[in-house]
Undergrad: 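Here you go, one structure.
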Amino acid sequence: MPSKTVSLAILDTSVYIDNFRTGRFTQKILASPFLFRGSSVVIHELLRGARTTAEQAFVRDLAGSLRLITPTEKDWQDSATIVARLAAEKGYERRKIQELSFDVLIALAARSIGATVITLNRHDFTDIRRYRRFQLVSWE
């Protein structure tokens, strides 16, 4: 259960990728009032896209240094329903559905621990919030 004095947050994959490439969020992360948790979904996305030894090492270090939150079976089922609704409503292609599936899982896992999702992808997470409420901050 989250503390009444500390707010939890999960950084979305987009923040890690941008910060790894540019470093533009390093100071913001270090100065943040949030206590960060990791997402096993974010780790999956990062490892799947890691091309260099340095990128792979970064992701493995990250996974080892954060308490990871993993979606539950109920989250997976709920995610499928939300993604199907959004895909039908917006006419998404297969690739977009896959990307959105991961975002929904990140949002649902964050919601389960009362954490805020911090992202650069405000649009998709705002769409998800129409179906399940969760805290959202965009660093765009």
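FYI, side chains are in, hydrogens and waters are out, and symmetry mates aren't considered; it's all heavy atoms of this structure. Given the structure is predicted, the values throughout are model-derived calculations rather than measurements.
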Undergrad: Does Glu55 come within less than 4.0 Å of Arg21, counting only side-chain N to carboxylate O?
TA: no

Undergrad: Taking Glu99 first and then Arg95, would you say they form a salt bridge - that is, a charged N and a carboxylate O separated by under 4.0 Å?
TA: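 Salt bridge flag = yes for Arg95 with Glu99.
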
Undergrad: If you measure from the Lys or Arg side-chain nitrogens to the Asp or Glu carboxylate oxygens, is any gap between Arg111 and Asp75 under 4.0 Å?
TA: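 A salt bridge is absent here (no side-chain N lies under 4.0 Å from a carboxylate O).
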
Undergrad: What verdict does the side-chain contact (heavy atoms from CB on, under 4.5 Å) test give for Thr13 and Ile106, after you've listed the backbone C-alpha separation in whole Å, the side-chain angles of each residue and the deciding distance to 0.1 Å?
TA: CA-CA 9 Å; Thr13 310; Ile106 292 165; 4.2 Å; yes

Undergrad: Centre of Tyr92's six-membered ring, under 6.0 Å away, within 45 degrees of the axis: is that where NZ or CZ of Lys96 sits?
TA: yes

Undergrad: Are more than 12 heavy atoms from other residues, nucleotides or ligands located less than 6.0 Å from atom CD of Glu73?
TA: no

Undergrad: Taking it one step at a time, do Leu100 and Leu86 satisfy side-chain contact (heavy atoms from CB on, under 4.5 Å)?
TA: CA-CA 9 Å; Leu100 188 62; Leu86 284 169; 3.7 Å; yes

Undergrad: Between Ser40 and Pro71, which heavy-atom pair has the shortest distance, and what is it?
TA: OG-CD, 3.6 Å

Undergrad: Closest heavy-atom contact between Ile10 and Ser39?
TA: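 That closest heavy-atom pairing would be CG2-CB, 3.8 Å.
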
Undergrad: Any idea how Phe125 and Phe134 line up, ring-wise: parallel (<30°), tilted (30 to 60°), or perpendicular (>60°)?
TA: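 Taking Phe134 first and then Phe125, their aromatic rings stand perpendicular (interplane angle over 60°).
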
Undergrad: If you apply the rule side-chain contact (heavy atoms from CB on, under 4.5 Å), what do you find for Phe36 with Ile29, and how did you get there?
TA: CA-CA 9 Å; Phe36 291 104; Ile29 291 168; 3.9 Å; yes

Undergrad: Where do Thr26 and Asn19 come nearest, in terms of heavy atoms and distance?
TA: N-OD1, 2.9 Å

Undergrad: Just do the side-chain contact (heavy atoms from CB on, under 4.5 Å) check on Arg37 and Leu68 with the steps written out, would you?
TA: CA-CA 6 Å; Arg37 296 292 185 240; Leu68 295 181; over 6 Å; no

Undergrad: Does either side chain, that of Thr116 or that of Gln135, offer a donor lying less than 3.5 Å from an acceptor on the other one?
TA: no

Undergrad: For Arg67, does the CZ atom sit with more than 12 other heavy atoms under 6.0 Å from it, leaving out its own atoms?
TA: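 No, because the 6.0 Å sphere around CZ of Arg67 holds 12 heavy atoms or fewer from other groups.
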
Undergrad: Under 3.5 Å, is there a donor-acceptor pair linking the side chains of Asn121 and Asp103?
TA: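 Their side chains do contain a donor-acceptor pair, which is all the 3.5 Å distance test asks for.
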
Undergrad: For the CZ atom on Arg130, are there more than 12 heavy atoms of other groups (residues, nucleotides or ligands in this structure) within a distance under 6.0 Å?
TA: yes

Undergrad: Count the heavy atoms of every other residue, nucleotide or ligand shown that sit under 6.0 Å from CZ of Arg122, and state whether that count exceeds 12.
TA: no

Undergrad: Over all heavy atoms of both residues, which pair between Ile128 and Ala107 is shortest? Give the atoms and the distance, please.
TA: CG2-CB, 4.2 Å

Undergrad: Is the number of heavy atoms from other residues, nucleotides or ligands within 6.0 Å of CD (Glu140) greater than 12?
TA: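 It does: Glu140 CD has more than 12 such atoms within range.
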
